[in-house]
There are 2 protein chains.
Amino acid sequence: MVERLLQRIDREILAAGGKRSRCRAVVMEHFFRAGHHLTVEELTRNVRTAFPGIGGVTVYRTLKLLARMGYAKELDFGEGTRRYESNLSSHHDHLVCRECGAVIEFQDPRIERLQELVTRRHGFRPAAHRLEIYGCCRDCAAGGGRAGKR
Amino acid sequence: MVERLLQRIDREILAAGGKRSRCRAVVMEHFFRAGHHLTVEELTRNVRTAFPGIGGVTVYRTLKLLARMGYAKELDFGEGTRRYESNLSSHHDHLVCRECGAVIEFQDPRIERLQELVTRRHGFRPAAHRLEIYGCCRDCAAGGGRAGKR
DNA sequence: GTTACTATGAAAGTGAATTTCATGATCAGG
DNA sequence: CCTGATCATGAAATTCACTTTCATAGTAAC
């Protein structure tokens with residue numbers, strides 16, 4: 001599943017004049033296997049468990065490349081550092097807990113539809129949007145609020 | 001109108017142990033008089049026309065102060081630099097044109113209501129949200145797309 | 001005034017992200 | 001296989017927005 005995808009991306013890179021590389025393959029594999037919303041630092045840590053020598057710069061470059069190719073999306077929850085997520089699943093928005101940092105994905109076609117209406121009213125041609133709701137997740141609201149989840 | 005507001009903020013600062021200052025007053029006045037969505041750099045440029053000597057650091061500090069006091073809101077349209085807007089008008093969201101950088105504000109109670117429903121479904125207690133729709137504004141879609149508007 | 005603060009701005013410091021550059025891989029074609 | 005040509009890599013340097021530091025100037029209370 002992920003293998004198939006990596007092969008496709010590899011072919012695309014080759015067609016564009018790029019070359020295969022072990023490092024990049026490892027980074028991409030970890031990126032697509034990992035859940036979502038990874039910072040570069042987190043992903044670098046993960047990758048290093050399997051490939052200790054890898055430089056953080058390469059992770060940056062690989063994610064930028066994936067973003068340019070349309071396979072990754074850059075997120076910004078206002079933490080001062082970017083997060084990346086695979087762009088393969090369908091569109092969704094984010095609930096971000098300000099207590100523990102948990103991120104819940106959600107999707108609601110009614111919101112999408114309303115956005116259509118709003119943009120049309122302003123003669124605006126929508127290309128993308130981002131909706132983030134910040135607050136307090138169920139666990140944190142309930143009691144302790146376990147830290148360091150995400 | 002703005003004078004009244006500035007007096008109120010001044011009193012609040014005094015009550016908190018701060019002191020009056022010419023610089024800060026000028027920055028605040030320009031901030032509240034200017035439209036919206038200013039970067040620190042833009043506001044600094046504006047302020048310098050009336051008060052040439054002022055340092056950018058003071059503008060940063062004043063905006064941070066206003067944000068802490070709840071009179072300003074920090075925005076982030078993913079440009080790599082923050083924008084600030086007065087927090088006095090009612091809640092609204094933003095249409096951001098990727099061609100010319102124009103920002104249109106809009107408000108739709110139906111979107112707010114749907115967000116209520118979504119968060120409740122996830123046991124999430126919402127505190128704030130941000131919705132930005134990126135695309136192409138009417139002017140840019142129509143023809144030339146005048147640059148440097150915003 | 002005098003004292004005790006706070007505000008200011010130049011310069012230095014942060015931290016994430018990017019670029020540079022010498023070195024190491026990878027590919028195409030002899 | 002080699003041999004170039006070119007891309008990929010990573011350490012170090014750079015950039016850029018933003019923050020902090022620190023000596024000086026300003027402001028308020030006495």
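The figures here come from the full heavy-atom set of this structure, side chains too, leaving out hydrogens, waters and symmetry mates.
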Can you measure [X] atom [atom1] to [N] atom [atom2] for me and round it to whole angstrom units?
{"X": "A:L65", "N": "D:dT9", "atom1": "CG", "atom2": "C1'", "value": "14 Å"}
{"X": "B:L75", "N": "D:dC18", "atom1": "CG", "atom2": "P", "value": "12 Å"}
{"X": "B:D76", "N": "C:dA17", "atom1": "CG", "atom2": "P", "value": "12 Å"}
{"X": "A:L14", "N": "C:dA25", "atom1": "CG", "atom2": "P", "value": "19 Å"}
{"X": "B:L63", "N": "D:dT19", "atom1": "CG", "atom2": "C1'", "value": "14 Å"}
{"X": "A:D10", "N": "D:dA8", "atom1": "CG", "atom2": "P", "value": "11 Å"}
{"X": "A:R82", "N": "D:dC16", "atom1": "CZ", "atom2": "C1'", "value": "13 Å"}
{"X": "A:R11", "N": "C:dC27", "atom1": "CZ", "atom2": "C1'", "value": "18 Å"}

*Tell me, please, which residues at least two apart from B:R125 pass side-chain hydrogen bond (donor to acceptor under 3.5 Å, both in side chains).*
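Once residues adjacent in sequence are excluded, B:R125 has no partner under the side-chain hydrogen bond (donor to acceptor under 3.5 Å, both in side chains) criterion.
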*Going by side-chain heavy atoms closer than 4.5 Å, which hydrophobic residues are tied to B:I133, directly or by a chain of links?*
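Under the 4.5 Å side-chain rule, B:I133 groups with A:L95, A:I104, A:F106, A:I111, A:L114, A:L117, A:V118, A:F124, A:L131, A:I133, B:L95, B:I104, B:F106, B:I111, B:L114, B:L117, B:V118, B:F124, B:L131.
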_Under the side-chain contact (heavy atoms from CB on, under 4.5 Å) test, residues paired with B:E74 that sit two or more places apart_ =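 B:E74: side-chain contact (heavy atoms from CB on, under 4.5 Å) contacts with B:K64, B:A67, B:R82, B:Y84.
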*Could you pull out all residues at least two apart from A:E41 that satisfy side-chain contact (heavy atoms from CB on, under 4.5 Å)?*
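A:T39, A:R45.
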*Using 30° and 60° as the class limits, which term best fits the ring planes of A:F77 and A:H37: parallel, tilted or perpendicular?*
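Tilted: the ring planes of A:F77 and A:H37 meet at 30° to 60°.
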I'd like a table of donor-acceptor pairs (distance under 3.5 Å, sequence neighbours excluded) in which one partner is a side-chain atom from residues 7-14 of chain A, with atom names and distances.
{"unit_1": "A:R8", "atom_1": "NH1", "unit_2": "A:Y71", "atom_2": "OH", "d": "3.3"}
{"unit_1": "A:D10", "atom_1": "OD2", "unit_2": "A:R20", "atom_2": "NH1", "d": "3.3"}
{"unit_1": "A:E12", "atom_1": "OE1", "unit_2": "A:Y71", "atom_2": "OH", "d": "2.7"}

*Counting only side-chain N and O atoms of A:Y60, is one of them less than 4.0 Å from OP1 or OP2 of C:dA17?*
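Affirmative; the distance criterion is met.
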*Could you write nucleotides 2-15 of chain C as a row of B, S and -, 5' to 3', where a protein heavy atom under 4.0 Å of any base atom gives B, of only sugar-phosphate atoms gives S, and otherwise -?*
--BBSSBB-B----
